[in-house]
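Chain letters run A, B, ... following the sequence lines, proteins first, then strands; residues in each count from 1.
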Amino acid sequence: MLELAKTYNAKEIEDKIYKLWEKSGFFNPNKLPRTYKKPFTIIMPPTNANGSLHAGHGLVLTIEDIMIRYKRMRGYKTLWLPGLDHAGFETQVVYERQLEKEGRSRFTMKPGDLYQEIMEFTMRNKKNIEDQTKKIGSSCDWSREKFTLDADIIKTVYSTFKKLYNDGLVYRGRRIVHWCPKHQTSLSDLETIDKKQTDKLYYLQYGPFTIATARPETKFGDKYVVMHPDDKRYKDYKHGQKIELEWINGKVTATVIKDKAIDMSFGTGVMTITPWHDAVDFDIAERHSLDKEQIIDFQGRLLPIAGEFAGMKIGEARPKIVEKLQAKGLLVKIDENYTHVVKTCYKCGALIEPQIKDQWFVKMKPLAEPAIEAIKKNKIRFIPAHYKKISLHWLQNIIDWNISRQIVWGIPIPAKICDSCGAGIVDIENKISACHKCNGSVRKETDTFDTWFSSGQWPFAALGYPSSKDYKTFYPTQVMETAGEIIFFWVCRMIMLGLYVSKKIPFENVYLHGLVLDAKGQKMSKSRGNVINPLDLTEKYGTDAFRIGMVVGNTPGTSLALNEDRIRGYKNFANKIWNASRFVLMNVKDYKPGTRVVLNQKQKKTLADFKKEVKEIEKLMDSFKFYIAAEKIYHYFWHTFCDNIIEENKTKLSGTAKERRASQYLLLEILSSSLKILHPFMPLITEEIYQQLPLKNKKKTLMIEQWPQ
RNA sequence: GGGCGGCUAGCUCAGCUGGUUAGAGCGUUGCAUUCACAUUGCAAAGGUCAUUGGUUCGAGUCCAAUGCCGCCCACCA
């Protein structure tokens with residue numbers, strides 16, 4: 001039937017078209033015609049399985065689908081592999097909030113039960129996320145969908161862990177970590193947020209010295225007093241010298257330590273250290289092999305060393321301690337306006353309490369070096385380019401990565417811990433029953449991996465490293481497209497782990513999009529109540545309008561203010577496409593595809609101009625400038641094809657038979673080719689119209705049509 | 001303390017390796033309408049391209065400095 005409904009209704013066609021594609025099988029590269037040889041692969045950033053799609057996902061899916069559809073039309077064997085991320089800590093936090101609402105707590109549950117519940121929660125979300133991904137029109141290969149907790153993925157993650165361990169790049173270390181007292185887990189340095197705040201700075205009398213501190217409640221165990229070796233004010237005190245002095249809870253013996261980490265211009269140039277609860281102090285203590293003592297427990301309460309204050313929360317204890325110090329005449333003065341930076345948990349905002357804990361660390365410098373090398377040699381192209389500098393800067397200053405988390409929702413760390421010497425022994429087969437160092441008894445490690453440790457291996461793991469056919473065919477991949485926000489969390493780590501395990505860069509291009517903000521340019525958040533659900537927009541304006549609206553003028557790397565008017569404008573465009581196509585279809589009913597026609601000079605030029613236009617768009621697509629390409633197509637279709645070409649040919653359609661045929665040919669030619677170049681951006685409407693067009697050598701779907709030459 | 005962006009029409013933003021009267025969408029104003037489309041057409045108004053200096057025959061585009069705005073990184077108690 002060469003007819004389109006009088007009015008365009010996105011809802012009526014969208015589900016139908018998606019089903020048509022799924023049925024065609026062409027999402028799966030193996031089912032593409034044989035001529036599609038050269039692989040083009042994008043591994044989709046695995047979606048967090050803890051909620052539903054947000055506007056950012058809408059952008060990810062749109063941009064990646066544009067690349068995939070374009071390359072498929074250019075004859076590439078395209079694979080777009082979808083995935084789901086268990087998103088360890090993120091998901092557990094979401095689930096814990098739910099538990100809280102129900103008046104339950106993870107700390108009173110059996111770990112196994114909690115794990116089961118979160119797994120069920122995740123599986124419910126999985127279905128939801130898949131349906132939503134389809135609504136965006138994503139042409140990904142569902143037959144290859146992976147989940148970060150799939151058995152084969154865990155196997156790969158374990159073998160990487162073992163390899164790192166054997167190479168001496170994983171160690172279990174008693175080191176200071178970022179501890180969230182609310183979530184009862186350690187975090188990596190990327191998972192804390194610096195917060196500026198103004199507190200009181202207390203100057204305390206410590207024997208002959210005056211020391212400054214913002215945290216008097218940590219000072220009970222302080223028995224080292226540190227100063228710069230070049231500080232002339234304290235030249236009479238010698239390194240290692242012992243001093244008897246009266247402190248909060250009685251007499252202590254302090255030892256003088258000289259260390260260059262001290263800033264002579266801060267306060268009095270002298271400080272005491274609390275190695276258990278401060279990273280700088282920890283380093284000083286390590287350098288001089290000093291004792292370290294825990295003052296605050298993991299729940300944030302003072303330990304018996306605090307004497308009468310034991311058991312108190314630090315917030316409660318602080319004023320009382322200050323009171324006592326004052327009573328003892330040890331409080332010199334208080335600076336009320338002391339502005340400093342504190343670390344907070346990126347999820348709950350709780351103050352991070354540094355703690356010393358045995359954790360699994362990955363030595364990063366040896367992993368970073370090959371990555372730095374590859375990036376410097378431009379083996380990986382960053383879009384936009386300035387991310388190259390950003391990545392290099394981070395990699396060059398990288399510190400060891402704490403990959404253990406004290407949560408149940410994740411991949412268990414396959415290891416045994418020695419009860420007597422505390423050694424950690426990697427034990428993937430779960431066979432080791434005694435410590436290889438001291439022969440002590442061992443217990444199973446209960447920590448899980450940082451979720452980024454598994455997602456950092458995603459490109460090769462999801463493709464079935466090391467021996468699958470897919471891995472051999474599709475790896476390394478061509479493009480990694482994700483949010484610029486997670487360049488360190490994810491992209492850099494994928495580069496490092498990819499190079500380390502597979503010996504290859506995991507992707508040739510990194511395309512980083514910016515944040516999607518609300519219409520006013522503010523970050524979307526549930527608490528602000530300004531979250532835009534992409535599916536509301538596709539519902540209201542159609543998926544195609546949403547998609548092209550998301551990309552036009554949206555430069556990679558910069559944030560996008562998602563204004564509804566923007567999407568509405570493209571709904572009008574979809575309507576324009578529909579009506580122009582309807583007009584052409586109405587006028588070609590008597591046209592036989594393949595008929596010979598004679599074009600006049602003007603028509604020949606029109607065709608030639610169009611070809612030039614296509615070439616330019618092609619160039620833009622090849623250089624990842626979708627934001628310009630989309631606008632160009634839009635402009636051509638509306639203001640050249642509709643406003644000029646159709647108008648010019650209207651009279652000829654009612655001219656001589658010869659003239660009519662020529663115009664029919666021309667209009668059909670440009671319309672069908674325009675639909676092809678529009679297809680990556682607006683796949684649903686273009687497919688629907690394509691299905692109605694009278695063409696010679698028509699393909700089963702527009703999706704596998706050749707890009708116009 | 002380091003680093004990275006941005007500053008172009010009322011609003012949101014394009015403008016690649018420097019080259020004729022600086023662009024788009026939305027908005028605004030006027031006119032048109034039984035023609036595929038009012039989810040339309042035609043036309044118009046609107047910009048000292050943050051500032052200053054430099055390179056150049058020529059700069060929104062390159063260089064330097066300055067000023068705002070935003071972001072990231074960093075162990076100053």
Side-chain angles (χ1 to χ4, degrees), chain A residues 4 6-9 176 189-190 193-194 201-204 211-216 218-219 222 225-227 261-274 277-284 338 340-341 343 354 384 386-394 396-399 484-485 487-488 514-515 517 519-521 523 541-542 545 548-549 552-555 557-587 619-620 623 625 627-628 630-632 634-635 638-639 642-643 646-647 650-651 653-654 667:
Chain A
L4 293 173
K6 188 148 170 45
T7 48
Y8 162 60
N9 187 334
I176 195 150
D189 50 309
L190 288 176
I193 292 176
D194 287 354
L201 185 67
Y202 304 91
Y203 286 81
L204 309 176
I211 58 155
T213 181
R215 302 198 60 190
T218 64
K219 297 278 142 193
D222 287 13
V225 60
V226 193
M227 58 212 73
I262 301 298
D263 180 350
M264 288 187 267
S265 64
F266 185 92
T268 55
V270 186
M271 69 173 195
T272 60
I273 56 167
T274 314
H277 300 289
D278 186 286
V280 183
D281 296 1
F282 178 86
D283 286 345
I284 293 172
Y338 173 59
H340 64 149
V341 172
K343 289 198 183 293
H386 72 259
Y387 274 103
K388 177 180 170 178
K389 269 195 244 173
I390 295 175
S391 306
L392 281 174
H393 187 259
W394 185 72
Q396 282 158 347
N397 296 292
I398 202 160
I399 59 171
E485 260 187 314
I487 179 105
F488 306 140
L515 255 44
L517 308 171
K520 289 180 202 147
K523 203 165 175 173
Y541 302 107
I548 193 163
V552 171
N554 184 7
T555 334
T558 51
S559 55
L560 170 81
L562 182 52
N563 189 331
E564 244 186 89
D565 284 344
R566 184 186 182 98
I567 309 298
R568 185 156 44 81
Y570 293 101
K571 188 196 174 194
N572 296 353
F573 180 49
N575 188 63
K576 191 77 184 176
I577 296 171
W578 188 263
N579 278 297
S581 304
R582 206 156 65 86
F583 174 80
V584 173
L585 279 172
M586 279 163 62
N587 285 285
K619 222 175 128 188
L620 290 166
S623 48
K625 288 179 182 158
Y627 56 105
I628 304 177
E631 193 183 329
K632 235 175 144 51
Y634 171 93
H635 215 256
W638 199 318
H639 300 296
C642 294
D643 291 353
I646 288 184
E647 291 306 321
K650 271 182 182 168
T651 52
L653 284 169
S654 46
L667 293 178

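For the P atoms, the distance from rC62(B) to rC4(B) is 15 Å, rounded to whole Å. Of the P atoms belonging to rG58(B) and rG54(B), the separation is 12 Å, rounded to the nearest Å. rG23(B) and rG47(B): their C1' atoms are spaced 11 Å apart (whole Å). Taking the P atom of each, rC16(B) and rA50(B) are spaced 14 Å apart, rounded to whole Å. Annotation: rU34(B) and rG10(B) have their C1' atoms spaced 37 Å apart (nearest Å). For the C1' atoms, the distance linking rU8(B) with rA22(B) amounts to 8 Å, nearest Å. Across rG18(B) and rC63(B), the matching P atoms stand 11 Å from one another, rounded to whole Å. Distance noted for atom P between rU12(B) and rC7(B): 12 Å (whole Å).
Regarding L517(A), its CG atom lies at a distance of 18 Å from the P atom of rC11(B), rounded to whole Å. Taking atom CG of residue L515(A) and atom P of nucleotide rG5(B), one finds them 17 Å apart after rounding to whole Å. Between I577(A) atom CD1 and rU40(B) atom P there is a gap of 13 Å when expressed in whole angstrom units. In this structure, K632(A) atom NZ and rG25(B) atom P are separated by 14 Å, rounded to whole Å. Rounded to whole Å, the distance from CG on N579(A) to P on rC35(B) is 12 Å. Distance NZ (K571(A)) to C1' (rG25(B)): 17 Å, rounded to an integer number of Å. Distance N9(A) CG to rU39(B) C1': 13 Å, rounded to the nearest Å. Remark: P of rC26(B) and CG of D565(A) are 9 Å apart, rounded to the nearest angstrom.
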Per-nucleotide protein contact along nucleotides 72-77 of chain B, 5' to 3', at a 4.0 Å heavy-atom cut-off (B base, S sugar-phosphate only, - neither), is S-BBBB
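In this structure, L667(A) and N587(A) have side chains that are not in contact, with every pair of non-hydrogen atoms separated by 4.5 Å or more. Inter-residue side-chain proximity for I567(A) and L562(A) is flagged as met; some heavy-atom pair is nearer than 4.5 Å.
K6(A) comes within 4.0 angstrom of sugar-phosphate atoms only, judged by non-hydrogen atoms across all strands, and of no base. As judged by a 4.0 angstrom heavy-atom cut-off over every strand, E647(A) is placed among the base-contacting residues.
Here CG of L190(A) is found 11.5 Å from CD1 of I487(A). Values are rounded to the nearest 0.5 Å. The structure places NZ of K576(A) at 10.0 Å from CG of N572(A), a figure rounded to the nearest 0.5 Å. Note: T218(A) OG1 to I273(A) CD1 = 11.0 Å, rounded to the nearest 0.5 Å. Between the CG atom of L515(A) and the CG atom of L560(A) there is a distance of 10.0 Å, given to the nearest 0.5 Å. N579(A) contributes atom CG, which lies 7.5 Å from atom NZ of K6(A) (distance to the nearest 0.5 angstrom). Between the CD1 atom in I176(A) and the CG atom in D278(A) there is a gap of 6.5 Å [rounded to 0.5 Å].
Checking side-chain atoms of R566(A) against main-chain N and O of A561(A) turns up no donor-acceptor pair under 3.5 Å.
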Evaluation steps, side chain to side chain contact (heavy atoms under 4.5 Å, CB included), between V225(A) and M271(A):
CA-CA 6 Å; V225(A) 60; M271(A) 69 173 195; over 6 Å; no
Could you walk me through whether T213(A) and D222(A) pass the side chain to side chain contact (heavy atoms under 4.5 Å, CB included) check?
CA-CA 12 Å; T213(A) 181; D222(A) 287 13; over 6 Å; no
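Applying the ring pair (Phe, Tyr, Trp, His ring centres under 6.0 Å) rule to H340(A) yields the partners Y338(A); only residues at least two apart in sequence or on another chain are considered.
Taking the six-membered ring for Trp and thresholds of 30 and 60 degrees, Y634(A) and Y570(A) have ring planes more than 60 degrees apart, a perpendicular arrangement.
Partner Y8(A) forms a ring pair (Phe, Tyr, Trp, His ring centres under 6.0 Å) with one of W578(A), Y541(A), F573(A) and no other, that one being W578(A).
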Please tabulate the protein-to-nucleotide N/O contacts below 3.5 Å involving nucleotides 12-15 of chain B, giving atom names and distances.
{"residue": "rC13(B)", "atom": "O2'", "partner": "G553(A)", "partner atom": "O", "Å": "3.1"}
{"residue": "rA14(B)", "atom": "OP1", "partner": "T555(A)", "partner atom": "OG1", "Å": "2.4"}
{"residue": "rA14(B)", "atom": "OP1", "partner": "T558(A)", "partner atom": "OG1", "Å": "3.4"}
{"residue": "rA14(B)", "atom": "O5'", "partner": "T555(A)", "partner atom": "OG1", "Å": "2.9"}
{"residue": "rG15(B)", "atom": "OP1", "partner": "Y627(A)", "partner atom": "OH", "Å": "3.1"}

Taking N or O atoms only and anything under 3.5 Å, show me the protein contacts with nucleotides 41-46 of chain B, one pair per line.
{"residue": "rG41(B)", "atom": "OP1", "partner": "K576(A)", "partner atom": "NZ", "Å": "3.4"}
{"residue": "rG41(B)", "atom": "OP1", "partner": "W638(A)", "partner atom": "NE1", "Å": "2.2"}
{"residue": "rC42(B)", "atom": "OP1", "partner": "D643(A)", "partner atom": "OD2", "Å": "3.4"}

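Between rA36(B), rG25(B), rC4(B), one nucleotide has an atom nearer to the side chain of H386(A) than all others, and that is rC4(B).
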For residues 387-394 of chain A, tabulate all N or O donor-acceptor pairs below 3.5 Å that involve a side-chain atom, not counting sequence neighbours.
{"residue": "K388(A)", "atom": "NZ", "partner": "N378(A)", "partner atom": "OD1", "Å": "2.8"}
{"residue": "S391(A)", "atom": "OG", "partner": "Y387(A)", "partner atom": "O", "Å": "2.7"}

Pair assignment for RNA chain B - dot-bracket with | for other-strand partners, Watson-Crick or G-U under 3.5 Å
(((((((..((((.....[...)))).(((((.......))))).....(((((..]....))))))))))))....
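Nearer to the 5' terminus of RNA chain B, by closest-nucleotide assignment, is the contact made by F583(A) (compared with the other of F583(A) and N575(A)).
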